[in-house]
Q: 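Quick one: the structure is below, and I'll ask about it shortly.
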Amino acid sequence: DADRLLGVWTYGFANLDTRSPVQPDTLFLMGSIGKSFTAIALLQEHERGTIDLHAPVHDYLPWFEVPSDQSPITVHDLLTHTSGIINGSDLAPHGHYEAWALRDSRLATGPAAERFHYSNVGYKTLGLLIEAVRGEPLGDTLEAGILEPLSMTASHGSITTETRLLSAVAYRPAYDDRPTLPGGALVPASWHEYGAGDGSVTSTPADMAAYVRMLLNGGQGPTSRILTEDSFRLFASPWAEFTETAYYGYGINVLTANGRTLLTHGGGHLSFVSSIMADTD
């Protein structure tokens with residue numbers, strides 16, 4: 001809850017070959033939940049005055065270019081998935097390549113508020129922007145600005161060979177030329193190091209509970225604020241509508257259900273699937 005960890009339950013095997021059970025300290029890849037971490041890091045820089053949320057991305061990444069007759073893409077546009085750019089891929093080459101290759105695409109047309117389109121490459125670009133401003137890898141920024149202040153000591157800001165040794169094994173269907181059936185043969189999925197802004201955090205259930213507790217407390221960590229009240233309000237504002245009851249904030253879904261406001265996000269990376277939900281009421 002908003003004050004403490006009530007419990008952690010684990011199920012199944014972290015490794016099918018050794019039959020090693022999932023433990024509370026087993027690492028999992030969080031996938032796109034990492035977008036909320038990237039958004040918080042951007043807001044922290046905004047608090048320091050180093051990033052203007054409504055400035056063109058080109059101001060920070062001079063090589064960034066997307067052919068368009070519309071206004072330049074801003075940081076806010078990428079944060080809210082309203083830039084009109086393509087989705088991108090979870091398993092493409094390094095984020096630099098995908099962001100650079102946007103110059104060979106075209107923007108969706110229409111007002112920004114009407115063209116919500118979820119974009120992994122947009123958040124990869126935001127990660128590159130943070131790296132350009134801070135002069136360090138994004139994973140280091142996430143660890144210093146979020147993981148350490150929240151005492152998420154088992155978590156990491158990037159996916160590395162070292163984190164693989166602590167993670168549950170990812171699996172994929174053995175056959176890719178036919179439909180996958182329940183109980184079908186599995187093989188270990190290939191692994192790759194990853195540190196882009198669309199989702200590179202590895203964590204445990206207890207550590208993610210600490211993160212969600214910060215959301216429940218409006219940006220307040222155990223000893224200090226992760227975000228100011230004004231910045232958290234920006235983070236959790238319903239900026240872009242994608243269903244009648246669901247909006248996208250800055251790296252987080254803002255949902256309404258039974259009169260209650262929920263902050264949520266899901267993620268997927270390799271064979272990992274994750275989800276968080278904070279009932280702010």
Side-chain angles (χ1 to χ4, degrees), residues 31-32 34-135 138 141 195-200 230-231 233-255 265-267:
S32 287
K35 289 182 172 66
S36 63
F37 286 74
T38 297
I40 287 174
L42 273 164
L43 286 165
Q44 290 173 336
E45 290 304 312
H46 174 66
E47 292 175 6
R48 298 184 182 101
T50 58
I51 292 178
D52 180 349
L53 299 177
H54 295 282
V57 175
H58 183 269
D59 287 0
Y60 303 99
L61 299 173
W63 51 263
F64 181 80
E65 178 184 338
V66 184
S68 173
D69 298 328
Q70 304 176 51
S71 301
I73 293 173
T74 66
V75 177
H76 171 88
D77 294 336
L78 293 184
L79 280 167
T80 56
H81 296 300
T82 57
S83 67
I85 63 174
I86 60 174
N87 183 4
S89 169
D90 286 332
L91 297 174
H94 192 278
H96 277 94
Y97 173 86
E98 276 201 284
W100 177 274
L102 288 172
R103 63 190 57 232
D104 295 323
S105 66
R106 292 285 298 178
L107 284 183
T109 59
E114 298 176 2
R115 60 173 191 257
F116 174 88
H117 183 67
Y118 193 87
S119 176
N120 286 311
V121 67
Y123 266 79
K124 291 178 185 181
T125 303
L126 291 174
L128 296 171
L129 190 155
I130 294 172
E131 291 182 344
V133 169
R134 291 191 57 84
L138 175 64
T141 297
D198 60 329
S200 62
D230 287 343
S231 291
R233 193 174 299 113
L234 291 173
F235 173 79
S237 290
W239 292 110
E241 181 180 8
F242 58 92
T243 74
E244 292 183 357
T245 59
Y247 293 78
Y248 206 82
Y250 281 172
I252 199 80
N253 298 314
V254 185
L255 312 183
H265 214 290

Q: Could you report the tightest heavy-atom contact between P56 and P72, atom names first, then the distance?
A: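 Nearest heavy atoms, P56 then P72: CB-CB, 3.9 Å.
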Q: For A240 and T82, which heavy atoms make the closest approach, and how far apart are they?
A: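 Closest approach of A240 to T82, heavy atoms only: CB-CG2, 3.6 Å.
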Q: Which value, rounded to the nearest 0.5 Å, describes the distance between I40 atom CD1 and E47 atom CD?
A: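 One finds 10.5 Å between CD1 of I40 and CD of E47.
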Q: So which heavy atom on T125 is nearest to which on A99, and how close?
A: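 Here T125 and A99 meet closest at OG1-CB, 3.5 Å.
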Q: Please report the closest heavy-atom contact between G195 and S200, naming both atoms and the distance.
A: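 Shortest heavy-atom contact: CA-CB, 3.6 Å.
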Q: I want to check something: taking the side chain as every heavy atom from C-beta on, are E65 and L102 in contact at a cut-off of under 4.5 Å?
A: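 Heavy-atom side-chain distance check fails, nothing below 4.5 Å.
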Q: May I ask you to check whether F64 and H58 place their ring centres under 6.0 Å from each other?
A: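 Between F64 and H58, which both carry aromatic rings, the centre distance is not below 6.0 Å.
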Q: I need the L107 CG to I86 CD1 distance, nearest 0.5 Å.
A: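 With rounding to 0.5 Å, CG (L107) is 10.5 Å from CD1 (I86).
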Q: With heavy-atom distances below 4.5 Å as the criterion, would you say the side chains of R134 and Q44 are in contact?
A: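 Side-chain contact under 4.5 Å: no.
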Q: Let me confirm one number: the CG-OG distance from L126 to S119, rounded to the nearest 0.5 Å.
A: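 Between atom CG of L126 and atom OG of S119 there are 9.0 Å.
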Q: Determine yes or no for a side-chain-to-main-chain donor-acceptor pair under 3.5 angstrom, with Y123 supplying the side chain and L79 the backbone.
A: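 A pair under 3.5 Å: yes.
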Q: Tell me, with the steps shown, if Y250 and F235 meet ring-ring contact (aromatic ring centres under 6.0 Å, His included).
A: CA-CA 5 Å; Y250 281 172; F235 173 79; 7.9 Å; no
Q: If you look at every heavy atom in S83 and I73, which pair is closest and at what distance?
A: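 Nearest pair, atom of S83 first, then I73: CB-CG2, 3.8 Å.
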Q: Just so I know, are the side chains of F242 and N253 near enough to count as touching, which here means a heavy-atom distance under 4.5 Å?
A: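 When only atoms from C-beta onward are counted, N253 and F242 do touch, with a gap below 4.5 Å.
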Q: Mind checking whether L129 and V75 have side chains closer than 4.5 Å, heavy atoms only?
A: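 The answer is yes, as the side chains (C-beta and beyond) meet within the 4.5 Å cut-off.
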Q: Is there a side-chain contact between D69 and R106 in this structure, where contact means two heavy atoms from C-beta onward sitting under 4.5 Å apart?
A: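 Of all side-chain heavy-atom pairs linking R106 with D69, at least one is under 4.5 Å.
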Q: Would the distance check show the side chain of E131 and the main-chain N or O of L138 forming a donor-acceptor pair, the cut-off being under 3.5 Å?
A: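 Yes.
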Q: Report the relative orientation of the aromatic rings in Y118 and H265; use parallel for angles under 30°, tilted for 30 to 60°, perpendicular for over 60°.
A: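 It falls in the tilted class, 30° to 60°.
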Q: Which of these passes side chain to side chain contact (heavy atoms under 4.5 Å, CB included) with V57: L128, D77, L78?
A: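 Among L128, D77, L78, the one that satisfies the side chain to side chain contact (heavy atoms under 4.5 Å, CB included) with V57 is L78.
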Q: Are any non-hydrogen side-chain atoms of V66 and R103 less than 4.5 angstrom apart?
A: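 They are not in side-chain contact.
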Q: Run the ring-centre check on W239 versus H81 and record whether the distance is less than 6.0 Å.
A: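 W239 vs H81: aromatic centres not under 6.0 Å.
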Q: Determine yes or no for a side-chain-to-main-chain donor-acceptor pair under 3.5 angstrom, with T245 supplying the side chain and L255 the backbone.
A: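 Absent.
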Q: Within a strict 4.5 Å, meaning less than it, do heavy atoms of the N87 and V121 side chains meet?
A: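 Answer no - side chains too far apart.
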Q: If every non-hydrogen atom of I130 is compared with every non-hydrogen atom of A41, which pair is closest and at what distance?
A: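 Taking I130 first and A41 second, the nearest heavy atoms are CD1-CB, 3.8 Å.
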Q: With distance as the sole test, does T74 use its side chain to make a donor-acceptor pair with the main-chain N or O of H54 at under 3.5 Å?
A: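 Looks like no, no N/O pair under 3.5 Å.
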Q: Are L43 and L53 close enough, and set up right, to give a side chain to side chain contact (heavy atoms under 4.5 Å, CB included), and what steps lead you there?
A: CA-CA 8 Å; L43 286 165; L53 299 177; 3.9 Å; yes
Q: Between T38 and K35, do the side chains contain a donor N or O and an acceptor N or O under 3.5 Å apart?
A: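 Their side chains do not contain a donor-acceptor pair, so the 3.5 Å distance test is not met.
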